[in-house]
J.: 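Input: one structure, supplied below.
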Amino acid sequence: QVQLVESGGGLVQAGGSLRLSCAGSGGTFRIYAMAWFRQPPGKEREFVARISTDGRTTDYRDSVKGRFTISRDNAKNTMYLQMNSLKPEDTAVYFCAAGGLSSWNTGHYTYWGRGTQVTVSS
């Protein structure tokens, strides 16, 4: 059973940066494909970025390409999301997820964190 805990969220002005972390425990972190999802206020949870088990392959939703960078450190059992040039529309609760299949689909991820709030003011 893998436990995931997100951290690093907060309130930031538009154009600012935040770095989210997702710490894993209780399992073999390196065998799982991982991803970040977000849930804006009043909306469905949506895919943000994903990363392969070895960190070599990444993928992003169009609206964050060039601004967000996903990475992982399997030695530290931690995944990251560096968010630059933040916009008010990035405001959401951000969740990390781990699973056996790399996908944009929430249903393909078995383990989820509780989320961290990111608020971007204009």
Side-chain angles (χ1 to χ4, degrees):
Q1 187 80 8
V2 175
Q3 291 83 44
L4 302 173
V5 179
E6 303 94 339
S7 61
L11 173 63
V12 63
Q13 289 188 331
S17 298
L18 284 174
R19 188 193 196 202
L20 304 184
S21 298
C22 172
S25 63
T28 307
F29 187 83
R30 67 180 185 277
I31 70 172
Y32 294 104
M34 298 197 70
W36 288 97
F37 289 79
R38 67 187 182 187
Q39 188 162 11
K43 296 184 178 180
E44 296 290 318
R45 194 169 298 189
E46 62 186 25
F47 168 80
V48 176
R50 60 177 174 161
I51 189 166
S52 59
T53 55
D54 61 5
R56 293 182 180 181
T57 303
T58 59
D59 187 24
Y60 302 87
R61 70 180 297 109
D62 285 347
S63 63
V64 308
K65 284 181 180 177
R67 299 189 298 121
F68 289 12
T69 303
I70 188 172
S71 62
R72 65 190 294 169
D73 185 339
N74 287 337
K76 295 182 178 180
N77 289 353
T78 304
M79 177 178 66
Y80 305 96
L81 185 67
Q82 178 67 45
M83 305 187 295
N84 299 327
S85 302
L86 282 161
K87 303 176 180 180
E89 51 264 43
D90 295 318
T91 294
V93 178
Y94 283 71
F95 299 88
C96 65
L101 179 66
S102 181
S103 167
W104 284 45
N105 189 329
T106 57
H108 289 160
Y109 292 90
T110 305
Y111 304 107
W112 290 83
R114 292 189 174 186
T116 185
Q117 176 70 47
V118 171
T119 303
V120 184
S121 63
S122 58

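The figures that follow rest on heavy atoms only: side chains count, while hydrogens, waters and symmetry mates do not.
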J.: Tyr109 and Ile51: same hydrophobic cluster, using ILVMFWY side-chain contacts below 4.5 Å?
T.: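 Different clusters: Tyr109 never reaches Ile51 through Ile, Leu, Val, Met, Phe, Trp or Tyr contacts under 4.5 Å.
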J.: At their closest point, which heavy atom of Ser63 faces which heavy atom of Arg67, and how far apart are they?
T.: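 The pair with the smallest heavy-atom distance is O-NH2, 2.9 Å.
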J.: Whether the side chain of Glu6 engages the backbone of Cys22 through a donor-acceptor N/O pair (distance < 3.5 Å, no angle test) should be reported.
T.: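 No: the side chain of Glu6 does not pair with the backbone of Cys22.
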J.: Can you tell me how far apart OG (Ser71) and CE (Met34) are? Round to the nearest 0.5 Å.
T.: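 One finds 11.0 Å between OG of Ser71 and CE of Met34.
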J.: Are Lys65 and Asp62 within salt-bridge range, i.e. N to O under 4.0 Å?
T.: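 So Lys65 pairs with Asp62 through a salt bridge.
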J.: How many angstroms lie between OG1 in Thr78 and CG in Leu4, if you round to the nearest 0.5 Å?
T.: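 Separation between the atoms: 10.0 Å.
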J.: Just do the side chain to side chain contact (heavy atoms under 4.5 Å, CB included) check on Met83 and Leu20 with the steps written out, would you?
T.: CA-CA 8 Å; Met83 305 187 295; Leu20 304 184; 3.7 Å; yes
J.: Is the distance from the ring center of Tyr60 to that of Phe68 below 6.0 Å?
T.: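 No: the rings miss the under 6.0 Å criterion.
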J.: Report the distance from atom CZ of Arg72 to atom OG of Ser52, rounding to the nearest 0.5 Å.
T.: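 Atom-to-atom, Arg72:CZ and Ser52:OG are 7.0 Å apart.
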J.: Check the orientation of Phe37 and Trp112. Use parallel for under 30°, tilted for 30 to 60°, and perpendicular for over 60°.
T.: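 Tilted, since the angle between the ring planes falls between 30° and 60°.
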J.: When rounded to the nearest 0.5 angstrom, what is the spacing between CG in Asn74 and CG in Asp54?
T.: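 So the gap between those two atoms works out to 8.0 Å.
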J.: If I compare all heavy atoms of Ala49 with all of Leu81, which pair ends up nearest, and what's the gap?
T.: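 Heavy atoms of Ala49 and Leu81 come nearest at CB-CD1, 4.4 Å.
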J.: I'd like to know if Ile70 and Val64 are part of one continuous hydrophobic network [Ile/Leu/Val/Met/Phe/Trp/Tyr, side-chain heavy atoms within less than 4.5 Å].
T.: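 The answer is yes; both residues are in one hydrophobic cluster.
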J.: From Thr28 OG1 over to Asn77 CG, what is the distance, rounded to the nearest 0.5 angstrom?
T.: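 Answer rounded to 0.5 Å: 8.5 Å.
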J.: If you apply the rule side chain to side chain donor-acceptor pair (under 3.5 Å), what do you find for Ser102 with Arg50, and how did you get there?
T.: CA-CA 7 Å; Ser102 181; Arg50 60 177 174 161; 3.2 Å; yes
J.: Do Val12 and Trp36 sit in one hydrophobic cluster, given that two such residues count as connected whenever their side-chain heavy atoms are within less than 4.5 Å of each other, even indirectly?
T.: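 Yes, because Val12 and Trp36 connect within a single hydrophobic cluster, where side-chain heavy atoms sit under 4.5 Å apart.
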J.: Quick one: side chain to side chain donor-acceptor pair (under 3.5 Å) pairs with a partner in residues 8-24, sequence neighbours left out?
T.: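 Checked against side chain to side chain donor-acceptor pair (under 3.5 Å) - neighbours excluded - the pairs reaching residues 8-24 are Ser17-Asn84.
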J.: Looking at Glu46 and Arg38, is there a salt bridge between them, counting it only when a charged N and a carboxylate O are closer than 4.0 Å?
T.: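 Yes.
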J.: Between Pro88 and Ala14, what is the shortest heavy-atom contact and its length?
T.: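 Pro88 and Ala14 have their closest heavy atoms at CD-CB, 4.1 Å.
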J.: Under a 4.5 Å side-chain heavy-atom rule over Ile, Leu, Val, Met, Phe, Trp and Tyr, are Tyr111 and Tyr94 clustered together?
T.: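 Cluster IDs for Tyr111 and Tyr94 match.
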J.: For the CE atom of Met79 and the OH atom of Tyr32, what is their distance to the nearest 0.5 Å?
T.: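 Between atom CE of Met79 and atom OH of Tyr32 there are 14.0 Å.
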J.: Name all residues meeting the ring pair (Phe, Tyr, Trp, His ring centres under 6.0 Å) criterion together with Phe95; count only those two or more places apart in sequence or in a different chain, and write none if there are none.
T.: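 Testing Phe95 for ring pair (Phe, Tyr, Trp, His ring centres under 6.0 Å), a comparison that skips the adjacent residues, returns none.
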J.: Of all the heavy-atom pairs spanning Leu18 and Val118, show the shortest one and how long it is.
T.: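 Result for this residue pair: CD1-CG1, 3.9 Å.
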